[in-house]
> 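Quick one: structure below, then a few questions.
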Amino acid sequence: MKKTFAKIALIGLISFSLFSCSKDSVSDEPKDTVSVDAKYSYRSDEDEVLSLINNHRASLGLVKLEKIDYVSVKSEEHTNYMVSTNTVNHNYFADRYVSIMSALSAKNVSENVAYKYSTSQSVVNAWLNSEGHRANIEGDFTHFGISIRTNSAGEKFYTNIFVKK
């Protein structure tokens, strides 16, 4: 009985590890060479997404989130990776998580990604209609960053990272 339970627990742990989007260990993304004092130039669509998220949070009585350029630079690294592989994913989230936690002495980090939404409102609506993405938007966070990039086919890729300091 104990061996059966141990086997089931081990299989469950392995399955969780394989399908979790937050526990990658080897990265093909650029290594963390970004200064915490990094400057990020926000595009109008990026500012619009952040504003829409803050407006939604305000409508629920939640604190507005503040931009952190370093987090947007980390978002941009991932967005560029998604564009280069032409896939939407959370690959190497563990690397971003550790980097942001360490650099900013953060307490928690989470992210939303998306692609093929043509407007800021459409991507925010999609995130709000998804339980997990909405939980990040409405979560106990204090800061955020974003990156939106377009591939050669004109499709937009989004990475939005949330941080609790």
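Residue numbers start at 1 and run along the sequence shown.
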> Quick one, F144 and L50 - any side-chain contact, counting heavy atoms below 4.5 Å?
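They are in contact (side-chain heavy atoms under 4.5 Å apart), so the answer is yes.
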> Side chains of Y70 and I100: closer than 4.5 Å at any heavy-atom pair?
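Heavy-atom side-chain distance check passes, below 4.5 Å.
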> Is the backbone of K64 close enough, under 3.5 Å, to the side chain of N54 for a donor and an acceptor to pair up by distance?
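Pair absent, no side-chain N/O of N54 close to backbone of K64.
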> Under a 3.5 Å distance rule, please check whether S51 uses its side chain to pair with a backbone N or O of E48 as donor and acceptor.
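It does not hold such a pair.
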> So, the side chain of S102 versus the backbone of S99: is there a donor-acceptor pair under 3.5 Å, distance only?
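Looks like no, no N/O pair under 3.5 Å.
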> Are any side-chain N or O atoms of S75 and backbone N or O atoms of N160, one a donor and one an acceptor, separated by less than 3.5 Å?
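It does not hold such a pair.
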> Search all heavy atoms of S122 against all heavy atoms of S118 and return the closest pair with its distance.
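So the two residues come closest at OG-N, 3.7 Å.
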> Can you tell if the side chain of R149 reaches within under 4.5 Å of the side chain of E76, non-hydrogen atoms only?
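When only atoms from C-beta onward are counted, E76 and R149 do touch, with a gap below 4.5 Å.
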> What distance do Q121 atom CD and L52 atom CG have between them, rounded to the nearest 0.5 Å?
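CG of L52 is found 5.0 Å from CD of Q121.
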> For a quick test of reading the model, state the closest non-hydrogen atom pair linking D47 to K67 and the distance between them.
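Of all heavy-atom pairs spanning D47 and K67, the closest is OD1-NZ, 2.8 Å.
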> If you define the side chain from C-beta out and look only at heavy atoms, does anything of N151 sit under 4.5 Å from N86?
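Yes, their side chains come closer than 4.5 Å.
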> For the atom pair CD1 (I146) and CD1 (I161), what is the distance rounded to the nearest 0.5 Å?
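Rounded to the nearest 0.5 Å, the CD1-CD1 separation comes to 10.0 Å.
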> Establish, yes or no, whether a centroid distance under 6.0 Å links the rings of Y158 and Y115.
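Not close enough - the centres of the two rings lie 6.0 Å or further apart.
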> Donor-acceptor pair, E46 side chain versus I148 backbone, under 3.5 Å?
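Looks like yes, one N/O pair under 3.5 Å.
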> Is there a donor-acceptor contact under 3.5 Å from the side chain of S59 to the main chain of H56?
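Between the backbone of H56 and the side chain of S59 there is a qualifying donor-acceptor contact (under 3.5 Å).
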> State, with a plain yes or no, whether a side-chain heavy atom of V71 is found less than 4.5 Å away from one of H143.
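SC-SC contact between V71 and H143 ruled out.
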> Just wondering, do Y117 and N125 contact through their side chains at under 4.5 Å, heavy atoms?
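No, side chains not in contact.
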> Roughly how far, to the nearest 0.5 Å, is the CG atom of N112 from the OG atom of S110?
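CG of N112 is found 6.5 Å from OG of S110.
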> Go through the steps to decide whether Y81 and E77 satisfy the test side chain to side chain contact (heavy atoms under 4.5 Å, CB included), and finish with yes or no.
CA-CA 6 Å; Y81 169 78; E77 289 174 0; over 6 Å; no
> Ignoring hydrogens and geometry, is there a side-chain-to-backbone donor-acceptor pair from S120 to D45 under 3.5 Å?
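At least one qualifying donor-acceptor pair exists.
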> Short question: side chain of R57, backbone of I137 - any donor-acceptor pair under 3.5 Å?
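Side chain of R57 to backbone of I137, a donor-acceptor pair under 3.5 Å: yes, one is there.
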> With a 4.5 Å heavy-atom cut-off, do T142 and E66 have their side chains touching?
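SC-SC contact between T142 and E66 ruled out.
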> When you check the gap from the basic side-chain N to the acidic O, do R134 and E131 get nearer than 4.0 Å?
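No, no charged N to carboxylate O under 4.0 Å.
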> Testing the basics here: between E138 and L128, what is the closest heavy-atom pair and its distance to 0.1 Å?
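Smallest heavy-atom distance, with atoms named: OE2-CD2, 4.5 Å.
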> Check whether any side-chain N or O of H78 sits under 3.5 Å from a backbone N or O of N89 as a donor-acceptor pair, and report yes or no.
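Pair found, side chain donor or acceptor close to backbone of N89.
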> Compute the centroid of each ring, for Y42 and then for Y40, and state whether the two points are separated by less than 6.0 Å.
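Yes, they do, as the ring centres are separated by less than 6.0 Å.
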> Give the cluster check for F162 versus V63: same hydrophobic cluster or not, with ILVMFWY residues linked at side-chain heavy-atom distances below 4.5 Å.
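In one cluster: no.
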> For the pair N108 (side chain) and K164 (backbone), establish whether a donor and an acceptor sit closer than 3.5 Å, ignoring hydrogens and angles.
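No.
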> Over 60° means perpendicular and under 30° means parallel, so classify the ring planes of W127 and H133, tilted if in between.
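Plane angle under 30°, so parallel.
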> In the single-linkage hydrophobic clustering (I, L, V, M, F, W, Y; side-chain heavy atoms under 4.5 Å), do L104 and Y97 co-cluster?
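Same cluster.
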> Where do D140 and K107 land on the salt bridge (charged side-chain N to carboxylate O under 4.0 Å, His left out) test, with the steps shown first?
CA-CA 10 Å; D140 184 20; K107 296 177 182 168; over 6 Å; no
> Working to the nearest 0.5 Å, report the span between CE of M82 and OG of S147.
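Going from CE on M82 over to OG on S147, the span is 8.0 Å.
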